[in-house]
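Every number for a ligand or one of its atoms is a count from 1 in the order of the listing. Model, not experiment: these values are computed from the prediction.
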Amino acid sequence: MHQDNPAQRIEALVRPSVRRLPLYDPGADPRQLGTPTVTKLSNCENPLGMSPAAAAMLAQQGGAGLARYPDPTGRALRQLIGGHLDVDPARLILGNGSENILELLCLALLDPQDRVVTQQPCFSLHESLPLMMGATVDKVPLNPDFSVNLHAWNTALKQPAKLLMLSTPCNPVGTALSSAELTALIAAAHPDTLLVIDEAYFEFVEDGADALAILGAQSRPWIILRTFSKAYGLAGLRIGYGIASHPSLIDALHRVRTPYNVNQAAQEVAKAAWLDPHHVKRSREFVASERRRLTEGLQAAGFRVAPSQANFLFIDTACNALEVVDELLKDGIIVKAWREPGYSGFIRVSLGLAHENQAFLASLQRAVTALAG
Ligand SMILES: *Cc1c(COP(=O)(O)O)cnc(C)c1O
């Protein structure tokens with residue numbers, strides 16, 4: 001039977017745990033939208049873009065230097081970051097985006113049937129990458145007010161888990177763990193569970209736990225992931241980094257990565273971006289003020305919004321979110337509908353420039369009126 005059907009022949013070759021995986025949902029493709037203006041608010045990028053210093057460095061890339069392979073461990077950038085964070089560069093690893101480091105963690109640590117605990121709703125890769133390895137994933141629900149449900153975490157962590165994966169600020173919700181919440185989570189986890197704290201939106205936080213300081217005081221294994229994709233505005237270059245409790249965890253990740261996974265231009269431009277903290281500060285202030293303004297506008301229009309410390313908002317539309325997204329697309333506005341059980345009315349919208357956020361709010365009000373009518 002397989003002989004006649006090429007798709008079935010291939011399907012039979014694919015590992016069962018991969019066959020079952022959902023495809024990542026990036027949101028609509030702005031290049032294919034065909035409306036006069038396109039406002040992309042679906043991927044939590046920096047609305048101000050990259051720093052001028054990073055852009056200048058990027059313009060210098062692409063010469064003969066790219067004929068050579070890059071530094072395989074990004075020593076110069078690790079030394080720069082390690083110096084600022086007061087962390088031994090041997091405890092740092094670069095990745096082709098921090099997603100790449102999530103993938104390396106799963107490759108290096110997870111056997112089939114290992115257990116991973118994460119949150120619901122969660123960043124899709126915190127679920128799909130462990131599933132790819134044949135691990136089981138348990139998702140801990142949030143409290144109705146979007147805060148972390150410590151009681152549920154305590155219960156979930158009573159059984160052994162290899163990894164605990166959590167983003168703070170949480171993607172898609174935007175809430176950041178407080179010091180007390182993080183400390184309670186750490187206390188609930190078995191000392192041999194590796195804590196993976198994904199801080200992709202770290203630079204935007206105004207009030208949250210200092211995970212590096214809190215975890216740094218622990219003797220248990222942990223890794224913190226950060227990225228140049230969000231506050232640094234370098235999403236298209238693909239570079240992120242991990243800070244581990246011990247160099248031996250970094251060694252394990254080096255064994256499963258491809259040797260030149262972080263390209264030369266990304267390493268150079270990330271260094272320039274790192275050396276321009278002013279741009280990150282300006283981005284944080286801009287995002288904070290737009291976040292307040294849009295949250296207030298949404299609340300005044302009757303929407304429930306999770307309290308965010310990131311550059312996106314999680315909004316209960318009280319409609320079918322997939323239909324809301326389609327309505328917004330008619331106005332050229334791209335946001336993400338959430339697809340996890342319990343959140344089918346929610347959309348996640350990245351904060352854009354002021355006029356984009358304004359256009360989003362007007363379009364959302366139009367959309368829910370149209371759907372109700
Ligand atoms: C955006 C995001 C990342 C990934 O970013 P990279 O571009 O791969 O560095 C990782 N984790 C979370 C929670 C994110 O939202």
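- Within the structure, ligand 1 has S98 among the residues with a heavy atom less than 4.0 angstrom away.
- Nearest protein heavy-atom contact of atom 11 (N) of ligand 1 is D198 OD2, 2.6 Å.
- The pair R257-E103 does not meet the salt-bridge criterion, since no charged nitrogen lies less than 4.0 angstrom from a carboxylate oxygen.
- The shortest contact between atom 2 (C) of ligand 1 and any protein heavy atom is with K230 NZ, 2.4 Å.
- Ligand 1 has Y201 within reach: a non-hydrogen atom of the residue lies less than 4.0 Å from it.
- Using a distance-only test at 3.5 Å, with no hydrogens or angles considered, a donor-acceptor pair links the side chain of W222 to the main chain of L215.
- Each of the atoms 2 (C), 3 (C), 10 (C), 11 (N), 12 (C), 14 (C) of ligand 1 lies under 4.0 Å from some heavy atom of A200.
- Here is the list of ligand 1 atoms found below 4.0 Å of a heavy atom in R238: 6 (P), 7 (O), 8 (O).
- Of the N or O atoms in N171, one or more lie within a sub-3.5 Å distance of an N or O in ligand 1.
- Given atom 7 (O) of ligand 1, the protein heavy atom at minimum distance is S229 OG, 2.5 Å.
- Seen from the ring of F314, R348 does not count as a face-on cation partner, given the 6.0 Å and 45° thresholds.
- A salt bridge links R291 with E206; the closest basic N to acidic carboxylate O contact falls under 4.0 Å.
- The existence of a salt bridge linking E290 and R293 is confirmed by a sub-4.0 Å separation between a basic side-chain nitrogen and an acidic carboxylate oxygen.
- One side chain, S147 or N143, offers a donor N or O that lies under 3.5 Å from an acceptor on the other.
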